[in-house]
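If you read the sequence from its start, that first residue is 1, and numbering goes on from there. Reckoned from all heavy atoms, side chains included, excluding hydrogens, waters and symmetry mates.
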Amino acid sequence: MAQKLILIGASTGGPGHIKKLLKDVKLNGATVVIAQHMNKMFIGSFAAQVGRECGLDVRLLSEKTMLKEDIVYICDQNFMICDTMPLSARPNTEEKTTYTPNVDILFRSGVAVCKNLSVMAILLTGIGDDGAAGLHALYKAGAKCVGENEESAIVYGMPKRAKELNPNLKSLNLAGAKIELEGFLNAI
C-alpha cells in the first residue's frame, strides 16, 4: 500500500474549516501538511488548537523535517515537499510571496511525489487565487483533488479560481470534502 500524503490549503475562513475537516478523522498512516495563510506569530497556537479540538497529533512545521505517518503538520512559513524518501519537507525561502504560508508552493512541490505516493489535495475557502495553479498541477499528476464549493466557502475565491482552471475539479461543500477525505484515508 502506497504511503498517503494529504495537502490542504486555506486562507480566509480556513482555521474553522480545517478543524471541521479534520475533527475525529482517523489518519490510518497518512501524513497531512497544511498551508493556512496566517501571521507566523499565531500559527503555533492555531496548531495546538487543531490538535486539541481534533484529537490529532499536530506539529508546527518550522524547519526541514522528516514527515512521519499519522501526524498533521502546519507550516509556519512557505514550505515544500522534498522528492526524497523518506518523505521530508523544507522551508522555501527562495520565493517571495504575497500570501504566507503559500499554498501554491506547497501544492506544486507535491507534484513530484505523486509517482511514489498516493496524494490528495484539498483547497478550502480563501480570497484570491493562491493554490489554484498548484491544485491543477497536482490533478494533472494524478493526485485526488477537491476544491471547496461556493455553498460552504466563507470566501469563494481560491477554490473558484481552481474550478475555473480545471472544470473537471471535484467541487464539494465542506461535509462532502470530509467524506471524500475519509474515503481516501480508508481506501486500501
Side-chain angles (χ1 to χ4, degrees), residues 5-25 27 30-56 58-62 71-79 97-110 119-139 143-167 169-185:
L5 173 65
I6 295 136
L7 303 173
I8 301 172
S11 186
T12 308
H17 283 212
I18 287 167
K19 289 186 268 186
K20 287 176 186 165
L21 186 69
L22 296 177
K23 181 132 179 78
D24 300 323
V25 166
L27 294 180
T31 302
V32 179
V33 182
I34 299 170
Q36 162 67 55
H37 296 166
M38 187 178 285
N39 185 300
K40 193 171 185 170
M41 64 188 223
F42 299 116
I43 292 178
S45 61
F46 171 61
Q49 193 178 59
V50 172
R52 259 192 330 274
E53 292 182 25
C54 297
L56 295 167
V58 178
R59 300 184 189 173
L60 194 60
L61 195 55
S62 59
I71 295 177
V72 175
Y73 296 92
I74 298 181
C75 305
D76 78 348
Q77 59 191 300
N78 293 343
F79 259 85
T97 57
T98 304
Y99 303 107
T100 309
N102 191 272
V103 181
D104 267 327
I105 288 176
L106 178 65
F107 281 8
R108 282 194 326 257
S109 71
V119 178
M120 179 177 195
I122 303 171
L123 186 59
L124 297 173
T125 178
I127 295 169
D129 65 357
D130 187 27
L135 190 67
H136 189 50
L138 281 165
Y139 178 87
K144 182 178 195 85
C145 295
V146 173
E148 186 172 0
N149 70 14
E150 191 171 9
E151 176 191 329
S152 67
I154 291 171
V155 179
Y156 188 55
M158 290 164 33
K160 178 183 182 194
R161 182 66 188 129
K163 185 70 173 171
E164 290 168 357
L165 282 177
N166 179 8
L169 177 66
K170 192 172 271 194
S171 187
L172 300 168
N173 65 21
L174 193 57
K178 183 172 182 128
I179 290 166
E180 199 74 16
L181 173 62
E182 289 171 332
F184 177 79
L185 289 169

**Q** Pick one: which of Thr98, Ile105, Thr100 meets side chain to side chain contact (heavy atoms under 4.5 Å, CB included) with Asn102?
**A**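 Checked Thr98, Ile105, Thr100 against Asn102; only one passes side chain to side chain contact (heavy atoms under 4.5 Å, CB included): Ile105.
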
**Q** Which residues satisfy the salt bridge (Lys or Arg N to Asp or Glu O under 4.0 Å) test with Glu53, sequence neighbours excluded?
**A**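 For Glu53 the salt bridge (Lys or Arg N to Asp or Glu O under 4.0 Å) partners, ignoring immediate neighbours, are Lys19.
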
**Q** Regarding Asp130 and Ser11, do their side chains bring together a donor and an acceptor under 3.5 Å, going by distance alone?
**A**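 There is no such pair (donor and acceptor under 3.5 Å, judged by atom type) between the side chains of Asp130 and Ser11.
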
**Q** So how far is it from Lys163 NZ to Lys170 NZ, rounded to the nearest 0.5 Å?
**A**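 Between atom NZ of Lys163 and atom NZ of Lys170 there are 10.5 Å.
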
**Q** Between Asp104 and Gly131, is there a donor-acceptor pair closer than 3.5 Å when you use the side chain of the first and the backbone of the second?
**A**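 Yes, the answer is positive, given that a donor and an acceptor are paired below the 3.5 Å cut-off.
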
**Q** Report the distance from atom SG of Cys75 to atom NZ of Lys40, rounding to the nearest 0.5 Å.
**A**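 With rounding to 0.5 Å, SG (Cys75) is 11.0 Å from NZ (Lys40).
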
**Q** Looking at every heavy atom in both Leu60 and Ala47, which two are closest together, and how far apart are they?
**A**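 So the two residues come closest at CD1-CB, 4.5 Å.
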
**Q** Which pair of non-hydrogen atoms, one from Ala162 and one from Leu123, has the smallest distance, and what is that distance?
**A**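 For Ala162 and Leu123, the tightest heavy-atom pair comes out as CB-CD2, 3.8 Å.
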
**Q** Less than 4.5 Å apart, any side-chain heavy atom of Phe184 and any of Ile6?
**A**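 The answer is yes, as the side chains (C-beta and beyond) meet within the 4.5 Å cut-off.
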
**Q** Is Leu27 close to Val72 at the side-chain level, that is, under 4.5 Å between some pair of heavy atoms?
**A**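 Result yes, sub-4.5 Å side-chain heavy-atom pair found.
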
**Q** Counting C-beta onward and ignoring hydrogens, is there a side-chain heavy-atom pair between Val32 and Leu56 closer than 4.5 Å?
**A**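 Not touching, per the 4.5 Å side-chain cut-off.
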
**Q** If we ignore hydrogens and angles and just use 3.5 Å, is the side chain of Thr125 paired with the main-chain N or O of Thr12 as donor and acceptor?
**A**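 Such a contact is found between Thr125 side chain and Thr12 backbone.
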
**Q** Is there side-chain contact between Ile43 and Pro101, with heavy atoms separated by less than 4.5 Å?
**A**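 Ile43 vs Pro101: side chains touch.
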
**Q** Rounded to the nearest 0.5 Å, what separation is found between the CG atom of Leu135 and the CG atom of Leu106?
**A**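 Going from CG on Leu135 over to CG on Leu106, the span is 11.0 Å.
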
**Q** Nearest 0.5 angstrom please: Leu7 CG to Leu138 CG, how far?
**A**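 The CG atom of Leu7 sits 6.0 Å away from the CG atom of Leu138.
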
**Q** Considering all heavy atoms of both residues, which atom of Leu21 and which atom of Ala177 are nearest to each other, and what is their separation?
**A**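 Shortest heavy-atom separation between Leu21 and Ala177 comes out as CD1-C, 3.9 Å.
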
**Q** Rounded to the nearest 0.5 Å, how far apart are CG of Leu185 and CD of Glu180?
**A**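 Interatomic distance, Leu185 CG to Glu180 CD, rounded to 0.5 Å: 11.0 Å.
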
**Q** Taking Ala153's backbone N and O only, do any of them form a donor-acceptor pair with Glu148's side chain (distance below 3.5 Å, no angle check)?
**A**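 A pair under 3.5 Å: yes.
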
**Q** How about Ile34 and Leu61: do any of their side-chain heavy atoms sit closer than 4.5 Å?
**A**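 The answer is no, as the side chains (C-beta and beyond) never meet within the 4.5 Å cut-off.
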
**Q** Is there a side-chain contact between Glu150 and Lys160 (heavy atoms, below 4.5 Å)?
**A**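 Counting from C-beta outward, Glu150 and Lys160 never come under 4.5 Å.
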
